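A short worksheet on the structure shown next.
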Amino acid sequence: MTGTLEAAPPPALQVSGLHVRYRGADRDAVRGVDLTVRPGETVALVGESGSGKTTLAHAVIRLLPAGAQITAGAVSVADDPVLTLSERRMRHIRGGRIGLVPQDPTVSLNPVHQIGRQLVEAVRAHRAVDAATARGIALELLAQVGFDHPEVRARQYPHQLSGGMRQRVLIGIAFAGRPDLLLADEPTSGLDVTVQKAVLDQIDTLVHERGTAVLLVTHDLGVAAERAQRIVVMYDGQVVEQGDAAELLSDPQHPYTRRLLAAAPSLRPARLSPSTTRPRPDTPAPAPAAPPFLLVDRVSRSFPATLPDGRRSILHAVRDVSFTVPAGSTFALVGESGSGKTTTARIVAMHERASSGLVRVGDTPITGLTGGGKRPVRRVVQMIHQNPFSSLDPRWTVQRIVAEPLRAWRIGTRAERTRQVVELLDRVGLPASVIDRRPVELSGGQRQRVAIARALSIRPPLLVLDEPVSALDVSVQAQVLQLLVDLQAELGTTYLFISHDLAVVRQISDAVGVMRAGRLVEAGPTAAVLREPQHAYTRALIDAIPRPTTGAPA
Amino acid sequence: MTSTVPRERTGTVSPAPATPPSRAQRRVRPATVRRQVGLALAILVVLVAVGWALRPAWFTGYDPIIGVPLDKLQAPSWNHWFGTDHLGRDIFSRMVHGTATSLRTSLLAVAFGLVVGCLLGVVAGYAGGWASDAIMRVVDVLLAIPSLLLSLVIVTVLGYGTLDVAIAVGLGAVATFARLVRAEVVRVRRSAYVEASVGVGTRWPVVLIRHVVPNSSGPVLALAALEIGAAILAVSALSFLGYGSPLPAPEWGSLVAEGRNYLASAWWLTTLPGLVVVALVLAVNRIGRAVGREWGDR
């Protein structure tokens with residue numbers, strides 16, 4: 001479709017001057033957005049949570065939550081003016097013209113129906129076919145989204161499928177009505193990185209075969225850079241920048257785009273260096289001669305389990321894992337969910353018992369400790385939980401939360417503790433004004449900072465971080481990672497860092513261990529492992545890091 | 001009464017959605033107004049009942065025990081709001097003066113159920129293992145016996161005193177409380193913030209008191225409010241059957257029972273006291289629901 005302007009088909013999606021306002025809000029959540037998706041084109045809509053990108057996506061299919069209203073603007077899909085259509089016509093547009101891949105595959109399928117039936121339902125809603133034909137089409141779709149034995153799969157229920165498989169089913173449903181436009185709202189958040197890549201590849205393949213246009217809503221600029229021809233950056237309800245993916249990445253105009261670009265872990269291969277100017281006593285990577293502060297020696301953890309056929313068996317969550325971490329350095333454990341990395345971390349943090357093997361912190365073996373014997377070690381080992389939304393007591397104030405370890409160890413008087421809390425908050429970059437707030441009044445990034453302040457209050461030499469940034473927005477992720485690097489430089493804390501994302505790991509860790517199915521399959525200095533991965537699984541993980549297809553930024 | 005206060009804290013909950021809902025978004029709607037009026041009415045009913053219990057003399061001038069035989073079996077009138085009984089005693093006065101006994105017994109019953117149930121539930125939930133199994137099987141047995149039957153048996157053994165009746169009724173509530181508390185404690189105990197608290201070195205009894213109990217208490221308080229309604233009914237039922245304060249001391253259940261013989265000729269003897277019991281139970285339930293909703297938001 002080069003040149004001939006008059007023959008150009010109408011855009012798959014055209015949004016002009018769109019305003020959306022939530023009832024009672026003093027300003028619009030989406031403010032005057034213009035957006036065009038041409039047929040066959042993939043456009044990424046990028047922004048952090050609260051930027052209005054999901055509201056925009058919902059406005060396009062007129063599925064805004066109650067209380068939200070489109071106050072101005074127009075949306076057209078091909079030639080249909082979406083905003084003025086009857087609800088009856090709209091049902092035809094949804095699914096028929098626009099396919100939706102929803103955000104959370106775990107809740108978007110009906111748990112009591114077989115997936116085949118749910119696909120057939122989607123097919124018959126948009127095509128005038130009889131049940132048998134619809135079933136055939138459904139099986140075909142299952143095969144197209146990458147299921148082997150579609151007939152068997154069709155009879156399975158959602159709970160029998162993994163998150164990635166469920167998302168494939170949803171992609172199949174999105175394609176059931178042969179849409180011209182695919183609306184993918186964070187289709188891979190919450191999935192393992194390797195699965196994420198597979199799902200995005202699946203979307204790419206189908207889109208390519210059918211010439212479907214895609215509006216990909218994502219918070220990850222890395223994903224956008226890899227998948228989209230054009231990128232639209234949203235911030236605070238407005239489009240702040242849009243353009244060709246390669247150009248936008250190599251020459252970002254708006255400061256917010258630059259910030260996003262700097263925050264995207266996949267676009268930033270280097271290890272973060274401390275931002276403090278204060279001179280440090282030693283180099284970031286300690287000399288290899290440094291004695292190991294944490295020693296994990298042939299640690300295993302197994303659970304009794306019941307197989308689907310009723311037989312008793314033993315599930316090995318962690319098998320013979322050994323590694324050492326020198327004082328003041330960061331060791332990262334990487335792997336997908338179920339690989340045993342979190343169990344290993346919990347054993348080190350004494351929240352889980354090892355079935356066999358030895359863990360030594362400093363000179364203290366901690367694996368044999370029971371009951372009260374663990375308590376003294378808790379001053380030495382602190383853990384940051386994955387989800388700052390659940391690791392802080394919702395009824396406590398920040399002051400009480402951060403002071404809890406001090407109180408537990410009877411450190412200082414009440415007034416001294418309050419002073420220390422203010423200091424700690426300052427150190428993790430929080431204003432003293434949050435001291436009387438409760439967790440619900442804080443954002444995710446602020447909560448994780450509170451959790452870090454709590455852990456640091458008793459100055460533990462070892463900090464176990466269980467996916468500390470995976471529940472956070474990319475830009476917040478970058479800030480928290482930077483904070484961790486700075487604190488390490490300042491306090492000399494040793495980190496055991498758990499992550500599923502090698503892109504994050506390479507920013508923070510000195511050494512990395514790759515776990516799969518309970519075993520440590522590869523370990524070594526981060527740079528070496530990333531440059532020359534020995535194990536096939538490590539290579540798969542590295543491949544899963546999104547990389548821009550064109551013009552990577554310097 | 002918590003829910004008459006505007007929800008300050010819960011209003012700011014949502015962790016930064018596309019647009020944070022603001023104050024005006026929760027503009028008062030007709031349904032909400034109706035709900036608020038209903039709640040205000042319920043609170044008023046309960047306050048009146050509490051007033052009757054604490055200061056009966058403020059509400060009625062008639063003696064509840066000594067009647068005027070000439071005025072016997074009068075229908076409700078301006079002088080005798082609820083009418084008079086076969087001995088010429090003012091029913092309203094007997095109702096008001098009986099409130100203290102009936103309410104005290106009901107509250108004691110709920111308190112007994114709450115304390116014993118919570119102790120059992122917390123132990124079962126926090127300790128787990130065989131302790132939990134043992135306690136919960138006992139609780140299952142309690143649940144299997146109809147509560148009125150259980151109360152009757154216990155009253156027969158213990159006697160008819162206020163405390164005896166309270167224990168008899170309260171024991172029926174122990175099972176319900178224990179199950180709920182155990183479920184809540186198990187939920188809270190698994191939460192990340194409890195693990196984090198243990199992780200920073202807090203000793204477990206402290207964790208239990210500072211984290212587990214406060215976070216488990218919401219639904220339990222709501223249930224307690226509902227149980228007060230049930231207890232009022234149960235205590236009245238026992239007193240109706242004759243297991244209560246000895247006559248002529250007035251008590252709600254025995255008032256209804258006394259009037260039973262005159263149902264054909266003097267309907268007010270049973271109907272009006274019965275309606276008061278119904279109104280109070282409904283009011284307490286209404287407040288219990290409001291408490292439950294308030295906590296459900298967290």
Side-chain angles (χ1 to χ4, degrees), chain A residues 20-30 49-56 58 65 67-68 237 346 349-351 372 374-376 378-379 381-396 400-401 404-405 407-409 438-444 447 451 454-455 457-458, chain B residues 2 7-29 31-32 126-127 129 184 187-221 294-298:
Chain A
V20 180
R21 179 179 285 241
Y22 283 90
R23 186 172 48 215
D26 29 7
R27 56 195 302 215
D28 292 348
V30 171
S49 41
S51 62
K53 57 186 196 303
T54 296
T55 304
L56 174 64
H58 285 164
R346 291 172 56 82
M350 293 183 300
H351 288 308
K374 292 178 187 168
R375 191 165 174 267
R378 299 214 186 272
R379 268 200 91 153
V381 186
Q382 283 293 301
M383 178 163 171
I384 306 281
H385 288 80
Q386 170 170 9
N387 191 342
F389 292 89
S390 62
S391 66
L392 308 178
D393 190 325
R395 310 172 122 253
W396 283 33
R400 255 187 110 184
I401 291 169
E404 187 178 16
R407 244 171 114 192
W409 294 99
R438 277 165 222 274
V440 289
E441 298 167 273
L442 303 176
S443 69
R447 289 183 208 204
R454 169 174 65 185
S457 63
I458 47 173
Chain B
T2 39
R7 302 179 184 177
E8 288 293 343
R9 187 148 288 124
T10 45
T12 50
V13 169
S14 339
T19 300
S22 79
R23 192 161 297 273
Q25 194 179 331
R26 289 171 284 114
R27 205 176 304 146
V28 186
R29 277 181 241 146
T32 322
Y126 207 74
E184 282 297 304
R187 177 183 67 82
V188 174
R189 195 190 55 169
R190 290 208 194 107
S191 65
Y193 56 83
V194 165
E195 188 177 279
S197 178
V198 172
V200 299
T202 315
R203 292 168 200 274
W204 72 262
V206 182
V207 175
L208 188 64
I209 291 165
R210 289 196 194 142
H211 289 286
V212 178
V213 169
N215 280 294
S216 315
S217 60
V220 179
L221 288 182
E294 188 68 10
W295 283 90
D297 276 1
R298 314 227 150 178

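These numbers come from a predicted model, not from an experiment.
- Both the backbone and the side chain of Ser390(A) come within less than 4.5 Å of a heavy atom of chain B.
- Taking all atoms of both residues into account, the shortest heavy-atom contact from Val198(B) to Arg378(A) is O-CD, 3.0 Å.
- Remark: Trp409(A) CH2 is packed, more than 12 non-hydrogen atoms of other residues, nucleotides or ligands lying under 6.0 Å away.
- For the atom pair CG of Asn215(B) and CZ of Arg395(A), the computed distance is 5.5 Å after rounding to the nearest 0.5 Å.
- Taking both residues in full, the closest heavy atoms of Arg454(A) and Ala196(B) are given as NH2-CB, 3.3 Å, listed atom of the first, atom of the second, then distance.
- With a 4.5 angstrom heavy-atom cutoff, Arg407(A) touches chain B only via side-chain atoms.
- Looking at Trp396(A), its side chain never comes within 3.5 Å of a backbone N or O of His211(B) through a donor-acceptor pair.
- Of all residues spanning residues 187-194 of chain B, those with a heavy atom less than 4.5 Å away from chain A's heavy atoms are Ala192(B), Tyr193(B), arranged by number.
- In this structure, chain B has no heavy atom under 4.5 Å from any part of Arg379(A).
- Each of Ser391(A), Ala349(A), Pro376(A) has some count of heavy-atom pairs under 4.5 Å with chain B, and the biggest count is that of Ser391(A).
- Only the backbone of Leu392(A) has a heavy atom closer than 4.5 Å to any heavy atom of chain B.
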